[in-house]
Participant: 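First the structure, then my questions, so here it is.
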Amino acid sequence: MNTNDSKTPTDFVRSIVADDLKTNKYDGRVHTRFPPEPNGYLHIGHAKSICLNFGIAAENDGGKCNLRFDDTNPCKEEQEYVDSIQEDVRWLGWSWEDRLYFASDYFEQMYEYAVALITKGKAYVCDLTSEEMSEHRGSLKNGGKASPHRERSVEENLDLFRRMRAGEFPDGSRVLRAKIDMESPNLNMRDPIMYRILHAEHHRTGDDWCIYPMYDWAHGLEDSVEKITHSICTLEFENHRPLYDWFLDELGAYHPRQIEFARLNLTYTIMSKRKLLELVAGDYVGGWSDPRMPTISGLRRRGYSPEAIRNFCKLIGVNKFNSTVDIALLEHCLREDLNKNSPRAMAVLNPLKVVIDNYPEDQVDELEAVNNPEDPAAGTRKVPFSKVLYIEREDFMEDPPKKFFRLAPGREVRLRYAYYVTCTDVVKDENGEVVELHCTYDPATRGGDSPDGRKVKATLHWVSADHCLDAEVRLYNNLFTKENPDDVADEGADFKSNLNPDSLEVLAGCKVEPSLATAEAGGRFQFERQGYFCVDSEDSTPDALVFNRTVALRDTWAKIQKQQQAQKSQKK
RNA sequence: AGGGGAUUAGUGUAACGGUAGCACGAAUGGUUCUGGUCCAUUUAGUCGGGGUUCGAAUCCCUGAUCCCCUGCCA
């Protein structure tokens, strides 16, 4: 079945949207938003949210989705993140058209709304220190107690708040709080802070402001100003919804509906921006776009296609309970897309020299190879064949076990698109290491088929020694050794103790077919019988090719080998 | 005696009182000039206990388990 064509999944969020459309709750409008804080790079978990928000907008007539930066905390946010986020959303294939917004653009409006709330007697300036406020807040089981400043007059509050904005008070000396209910079992309703004083430079507003709005106060207003219909966020904000509703109701402002869904978890992966930042800052990886990172930029550099990621997001569904998706599902979506769309090439990662003894010394055959068996339109190309070749070292065994179908002394195999060859001799060095093979070829099998109908059990990839290009190949494995990287053995250890020391393996001296000379940065290929690879977009040059392994092909031989080894060790 | 949310094969999800289905994974076989792809088959589930009903994953009661909430983060 072609999962790309599978119809749009129905989930509880889409059901709510459909119901609201039916009852004409928002005049038939559907307007969502993706509201990242620009304090890190986007990752595959964000892709789930992006596909949900932009997806819902795209599926409904006239539906819109805004890209909005929730830049209300100047201490953590940077322009670099603003830029990368836009690049990533675009690369994933979505468009916010002309609706690029910043929460910081609404600061003035938010200020006026705050004045309105103060005037209504529903907000007050509080001078408690953060420690005192924490004490006053009470605990999960016990109610809080009122701040001594709770009953300040409207006039005094207005004056104090104006002076907060004017910069008359130092950081942390005062806050503006909503006057709600210090007894509420929901801690978020115990007179939450709306504004704090922060004499910090904001990446967009500079030093225009020294008071900054808190999330709960700001976010609903942002949604309201943009006339969002469905404000989709993650589960941990469920407890904040009463506050979201309270602010908008007290203000009598346009009121979107907040809906919470479960964030994505993936096996062998961390999704916390804080932890990802820790890996980058601590040089555990080569940056946000390291191909081992679950960031969109990392996946892109690794060779993922946007289609694969979008299809993955479609398959995982949307729900209200936490779950952890098997990374194998992501890789399945990847292979499915790459299999259909990547041109094939031959590349020998771990070369073993082969001399075809009965092949003429200076002859070169130009053999025709299929570019993509899944796509006839991709056409064919010529691959040069000559007397000295390289094959994959692991495609030869001197003493092959059962079920090993590849080359061995005296055995005949096919060289893909070329000839049948038979191994006649094995050359070893002083350590007994195989360094060269001698074979004979059957000229009648040119192109790869035997006119007498003779069968071989294996087809090997190869390159011509005189024509091939050298390349570096980077093999990637899971960044963590544990399904759940936070599952740490020792007290005091953290997720970094589960980092996989073999997450990157660099292979030098790989031999690739000459057609790859013109491969463009980021270009994706299937190296036949091995996996999907792409030209590294940062380090590859025409003189020094670098390929990243995006994902290996499924490998049943590896499974058989594992079984055989398991059986062997059982017998012992 | 805090509040909120949730629980369907190994994993992720569907079924909205009417045959528990799909995908991934795993296993087996077939096809194949990639041990890939493709095809076929198999595997395996409603958190427990009560009820309501002709009929319950779905409604009610009850218990268990998991997640979130005491930042001047979002």
Side-chain angles (χ1 to χ4, degrees), chain A residues 1 3 6 9-11 15 35-37 39 70 72-73 75-77 126 128-130 133-135 137-144 171-177 184-190 192-198 211-212 214-216 218-219 233-242 260 262 267 273-274 315-333 335-336 339-340 344 346 369-370 373-374 403-406 414-418 420 445 447-449 455-461 526-531 552-560:
Chain A
M1 194 184 83
T3 45
S6 62
T10 143
D11 54 65
S15 301
E37 182 190 10
N39 67 344
D70 206 0
T72 56
N73 185 351
C75 307
K76 291 185 178 180
E77 298 155 5
C126 180
L128 255 27
T129 65
S130 64
M133 207 173 295
S134 176
E135 280 167 36
R137 190 158 29 232
S139 69
L140 292 178
K141 301 208 170 173
N142 301 306
D171 287 3
S173 60
R174 289 191 158 92
V175 294
L176 182 72
R177 302 176 73 177
S184 173
N186 182 343
L187 289 285
N188 297 126
M189 301 298 273
R190 318 244 259 231
I193 296 174
M194 295 163 59
Y195 278 95
R196 74 281 211 186
I197 301 174
L198 240 36
I211 56 171
Y212 289 92
M214 297 287 289
Y215 171 87
D216 286 310
H219 203 87
C233 62
T234 44
L235 245 34
E236 68 269 27
F237 292 105
E238 212 151 18
N239 294 326
H240 296 244
R241 178 155 27 96
E260 310 85 12
T267 56
K273 270 205 237 179
R274 199 207 89 224
L315 290 185
I316 56 177
V318 180
N319 247 319
K320 287 202 66 128
F321 44 91
N322 298 306
S323 59
T324 303
V325 176
D326 194 333
I327 188 99
L329 183 61
L330 214 209
E331 294 182 343
H332 161 78
C333 294
R335 291 192 185 100
E336 187 183 46
N339 176 50
K340 274 186 301 216
R344 314 285 126 127
M346 291 199 281
V370 173
E374 306 294 321
K403 291 188 181 171
F404 181 87
F405 304 144
R406 281 109 97 143
R414 172 169 39 229
L415 294 182
R416 182 140 213 203
Y417 301 124
Y420 283 16
T445 58
D449 277 308
K455 298 284 180 206
V456 288
K457 293 199 86 171
T459 300
L460 270 40
H461 62 277
Q526 183 198 99
F527 288 174
E528 297 227 20
R529 304 209 303 132
Q530 316 230 57
L553 248 27
R554 290 185 64 201
D555 188 350
T556 40
W557 167 238
K559 277 182 198 167
I560 293 168

Participant: Determine, for nucleotides 5-13 of chain B in 5'-to-3' order, which nucleotides have protein heavy atoms under 4.0 Å from the base (write B), from only the sugar-phosphate (write S), or from neither (write -).
Facilitator: SSS---SSS
Participant: Rounding to an integer number of angstrom, what distance separates B:A44 and B:G5 when you compare their P atoms?
Facilitator: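 Nearest-Å result for B:A44 against B:G5 at atom P: 37 Å.
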Participant: According to a strict under-4.0 Å criterion, is A:Arg196 in side-chain N/O contact with OP1 or OP2 of B:C73?
Facilitator: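 Result: yes.
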Participant: Map A:Leu140 and A:Gly172 onto RNA chain B by nearest heavy atom, then report which one ends up closer to the 5' terminus.
Facilitator: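 By nearest-heavy-atom nucleotide position, the 5'-most residue is A:Leu140.
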Participant: For the side chain to side chain contact (heavy atoms under 4.5 Å, CB included) test, which of A:Val325, A:Ile327, A:Leu330 pairs with A:Thr267?
Facilitator: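 Exactly one option meets the side chain to side chain contact (heavy atoms under 4.5 Å, CB included) with A:Thr267, and it is A:Ile327.
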Participant: Can you see if the side chain of A:Arg554 gets near the phosphate of B:U37 - specifically, an N or O under 4.0 Å from OP1 or OP2?
Facilitator: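 Answer yes for this pair, as a side-chain N or O of A:Arg554 is under 4.0 Å from OP1 or OP2.
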Participant: Side-chain N or O of A:Arg529 versus OP1/OP2 of B:G35: is the shortest distance under 4.0 Å?
Facilitator: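 Indeed, a polar side-chain atom of A:Arg529 lies that close.
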Participant: Could you spell out the base pairing of RNA chain B as a dot-bracket line? Use Watson-Crick and G-U wobble contacts where both distances are under 3.5 Å, [ ] for crossing pairs, | for partners on a different strand.
Facilitator: .((((((..((((....[..))))((((((.......))))))...(((((..]....))))))))))).....
Participant: Would you say a side-chain N or O of A:Arg137 is under 4.0 Å from OP1 or OP2 of B:G71?
Facilitator: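 Yes.
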Participant: Think A:Thr129 has a side-chain N or O under 4.0 angstrom from the OP1 or OP2 of B:C72?
Facilitator: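 No, because none of the side-chain N or O atoms of A:Thr129 sits under 4.0 Å from OP1 or OP2 of B:C72.
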Participant: Examine the base of B:G36 for any acceptor or donor lying under 3.5 Å from a partner atom in the side chain of A:Asp555, and report the outcome as yes or no.
Facilitator: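 In this structure, the two groups form no donor-acceptor pair.
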Participant: May I ask you to verify whether the side chain of A:Gln530 and the base of B:U34 hold a donor-acceptor pair under 3.5 Å?
Facilitator: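 No such pair is found, so the answer is no.
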Participant: With a non-hydrogen cut-off below 4.0 angstrom, is A:Arg406 in contact with a base, only sugar-phosphate, or nothing?
Facilitator: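 Base: the residue A:Arg406, judged by heavy atoms under 4.0 Å, touches a nucleobase.
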